[in-house]
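To start, the structure under review is shown below, and the notes come after it.
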Amino acid sequence: MNIIGPDALIFGVDDIAGCAQYLTDYGLTPVDVSAAGGRFEALDGTAIILARQDDPALPAPLPTGSMLRKTVYGVADSATLEAIAAELGKDREVRRLADGALETQDDLGFALGFQVSRRRAIALPAETINAPGAPAQRAPNVVATDEHRVIQPRTLSHVVYFVPDAVRAEAFYVERLGFRCTDRLTGAGPFLQPAGTLDHHTLFLIQTPPFMQGVEHFTFHMGGPTDLMQAGTRFVNQGYQSFWGPGRHKFGSNWFWYFNSPLGCHVEYDADMDLHDASWQPRSVPMSADASQLFLFQSRDKWAPAGPPPPAA
């Protein structure tokens, strides 16, 4: 199954205005926003979509009341779409929507959509560094920092589910949709990669009690660690509450910074994720704070040394 990754996440919320402001301040571009909802896009068109929680067009919510109502995966072509319809149609309803997309559920009740990916191709430079012993990536007199630079999320990276049965959930995505496990935190769950991407993961499953089922966080890829740190700092300065980070994960190696949000989940910035092909051998370690992060910083107010030298002894 040539599934690329999530094209969009659809949320049913009770505060359209507050959630819209949050996503806009996060850096996404509002598209066709109204009191009924709207679309908030990254540079490649992947998006978060808001609708009113009582919108009859939305799939039914999870029993826990999670605000995530559907994960929409982009696939490479119509042949993949037909293969998914045939495979999942063996034991569950697969609805064909007016635009040709598919809608169904996974084995734990998460609503899923599949469509030929509508991502826009983007061609942007990566963050550059200069390091002793290596060719310079920035020419002389080209500075790396610009406090006024426009920073925007580039693409929807991944989503993390709280699931009451991680073994069953993993089996569905691996056996029915062709995902594979790239790494595993035992006691938590697997990092899963669909066939159409080299990203370390687009889905992570975390075992939890049933009353917690839902989305834990989602994130968009940024252009590099400086983009992440600068965007996160601006977010903090706008009054949003940092939850975890900034730091860098071990599995996936991605930089991270998580924030509380009005969407009933955390929202992350990430950057510089590992890429893995079929030759990669998954690692497995017990879940712990040491296993999940290589290092962790904490945000604090700016500080600088100031004042005259100390008096002589």
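We use all heavy atoms of the structure for the numbers below, so side chains are in, but hydrogens, waters and symmetry mates are not.
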Mind running side-chain contact (heavy atoms from CB on, under 4.5 Å) on V72 and L9 for me, showing each step along the way? CA-CA 6 Å; V72 181; L9 302 175; over 6 Å; no

S261 (side chain) donor-acceptor with V267 (main chain) under 3.5 angstrom: no

Interatomic distance, M222 atom CE to W257 atom CH2 [nearest 0.5 angstrom]: 11.5 Å

Determine whether L108 and P164 make a side-chain contact, defined as any pair of heavy atoms from C-beta on separated by less than 4.5 Å. yes

Walk me through it: do E175 and R180 pass the test salt bridge (charged side-chain N to carboxylate O under 4.0 Å, His left out)? CA-CA 9 Å; E175 296 171 10; R180 70 186 189 98; over 6 Å; no

Spacing of CG belonging to N141 relative to CZ belonging to R138, to within rounding of 0.5 Å: 11.5 Å

Between L198 and D277, is there a side-chain heavy-atom distance shorter than 4.5 Å? yes

With a 4.5 Å limit on heavy-atom distance, are the side chains of V94 and F114 in contact? no

For the hydrophobic clusters of this structure (ILVMFWY residues joined by side-chain heavy atoms under 4.5 Å, transitively), does one cluster hold both M1 and V116? yes

Can a side-chain donor-acceptor contact be found between D77 and T80 if the only test is distance below 3.5 angstrom? yes

For E41 and L28, run side-chain contact (heavy atoms from CB on, under 4.5 Å): C-alpha distance rounded to whole Å, both residues' side-chain angles, the deciding distance at 0.1 Å, then the answer. CA-CA 5 Å; E41 292 188 346; L28 301 177; 6.0 Å; no

Do E170 and R184 sit within salt-bridge range, that is, some charged N less than 4.0 Å from a carboxylate O? yes

For S157 against D270, the heavy-atom pair lying closest together: OG-OD2, 3.1 Å

Compute the centroid of each ring, for F297 and then for W244, and state whether the two points are separated by less than 6.0 Å. no

Audit row: H276, D199, side chain to side chain donor-acceptor pair (under 3.5 Å) steps and yes/no: CA-CA 6 Å; H276 297 305; D199 272 6; over 6 Å; no

Given the side-chain rings of F191 and F204, with only the six-membered ring counted for Trp, is the space between their centroids under 6.0 Å? yes

Candidate pair R119 and D7, rule side-chain contact (heavy atoms from CB on, under 4.5 Å), full reasoning: CA-CA 7 Å; R119 299 172 184 225; D7 266 12; 3.1 Å; yes

Hey, does P6 have a side-chain heavy atom less than 4.5 Å from the side chain of T202? yes

Any side-chain heavy atom of L43 within less than 4.5 Å of one from T155? no

How far apart are the C-alpha atoms of T182 and W280, what are their side-chain angles, what is the distance that settles it, and do they pass the side chain to side chain donor-acceptor pair (under 3.5 Å) test? CA-CA 7 Å; T182 51; W280 174 253; 5.4 Å; no

Given the rule that I, L, V, M, F, W and Y join up when any side-chain heavy atoms are under 4.5 Å apart, are F235 and L23 in one cluster? yes

Do the two ring centres, one from F259 and one from F243, sit under 6.0 Å apart? no

How about D32: does its CG atom have over 12 heavy atoms from other parts shown lying under 6.0 Å from it? no

Going by salt bridge (charged side-chain N to carboxylate O under 4.0 Å, His left out), name the pairs with one or both residues in residues 211-238, residues two or more places apart or in two chains. R149-D227

If you take all heavy atoms of L88 and F172, which pair is closest and at what distance? CD2-CE1, 3.8 Å

Tell me which donor-acceptor pairs under 3.5 Å the side chains of residues 11-18 have, and how far apart each pair is, sequence neighbours excluded?
{"unit_1": "D15", "atom_1": "OD1", "unit_2": "G18", "atom_2": "N", "d": "2.9"}

Are side-chain heavy atoms of F162 and V215 found at a separation under 4.5 Å? no

side-chain contact (heavy atoms from CB on, under 4.5 Å) assessment of Q293 paired with R248: CA-CA 6 Å; Q293 57 214 328; R248 190 161 198 178; over 6 Å; no

Check: T208 side chain, M212 main-chain N or O, donor-acceptor pair, under 3.5 Å: no

If you take all heavy atoms of I49 and A8, which pair is closest and at what distance? CD1-CB, 4.0 Å

Please check if V236 and I151 belong to a single hydrophobic cluster, counting links between Ile, Leu, Val, Met, Phe, Trp and Tyr side chain heavy atoms closer than 4.5 Å. yes

Charged N-O contact under 4.0 Å between R118 and D44: no

Y161 ring center near F110 ring center (under 6.0 Å): yes

In terms of hydrophobic clustering (I, L, V, M, F, W, Y; side-chain heavy atoms under 4.5 Å; direct or indirect links), are L177 and L205 co-clustered? yes

Looking at D106, D91, D107, which one forms a salt bridge (Lys or Arg N to Asp or Glu O under 4.0 Å) with R176? D91

I would like to know whether D25 and Y240 meet side chain to side chain donor-acceptor pair (under 3.5 Å); could you show each step before the answer? CA-CA 9 Å; D25 290 342; Y240 295 105; 2.5 Å; yes

Nearest atoms (heavy-atom pairs only) where L62 meets G109: CD2-O, 3.5 Å

Can you find a heavy atom in the side chain of Q152 that is under 4.5 Å from one in the side chain of T29? yes

Mind checking the CE-SG spacing from M67 to C19? Nearest 0.5 Å is all I need. 6.5 Å

Side-chain donor/acceptor of R95 to backbone N/O of L102, under 3.5 Å: no

Quick one: do M229 and L294 end up in the same hydrophobic cluster if we chain Ile, Leu, Val, Met, Phe, Trp and Tyr together by side-chain heavy atoms under 4.5 Å apart? yes

Determine whether a donor-acceptor pair (N or O, by modelled atom type, separation under 3.5 Å) exists between the side chain of Q230 and the backbone of D146. yes

Between CG on residue L203 and CD1 on residue I3, distance to nearest 0.5 Å: 10.5 Å

Would you confirm whether the ring centroid of H158 sits within less than 6.0 angstrom of the ring centroid of F218? no

Lys/Arg-Asp/Glu bridge criterion (N-O < 4.0 Å) met for K250, D183: no

Side-chain heavy atoms of F220 within contact of Y269, under 4.5 Å: no

Give, for atom OH of Y22 and atom CZ of F40, the distance between the pair rounded to the nearest 0.5 Å. 13.0 Å

With a 3.5 Å distance limit and no angle check, can you tell me whether R283 reaches the backbone of L185 through a side-chain donor-acceptor pair? no

Can R69 and E103 be counted as an ion pair, charged N to O under 4.0 angstrom? no

Report yes or no: do H201 and Q193 form a side-chain donor-acceptor pair below 3.5 Å? no

Is it the case that the side chains of Q137 and N130 hold a donor-acceptor pair, with the cut-off being a distance below 3.5 Å and no angle test? no

Between R120 and A42, which heavy-atom pair has the shortest distance, and what is it? NH2-O, 3.5 Å

For H266 together with Y258, are the ring centres under 6.0 Å from each other? no

Short question: side chain of S66, backbone of G214 - any donor-acceptor pair under 3.5 Å? no

Between Y73 and P194, is there a donor-acceptor pair closer than 3.5 Å when you use the side chain of the first and the backbone of the second? no

When rounded to the nearest 0.5 angstrom, what distance separates CG in L68 from CD1 in I48? 8.5 Å

Would you name the heavy atoms of A47 and L156 that are closest together and state the gap between them? O-CD2, 4.0 Å

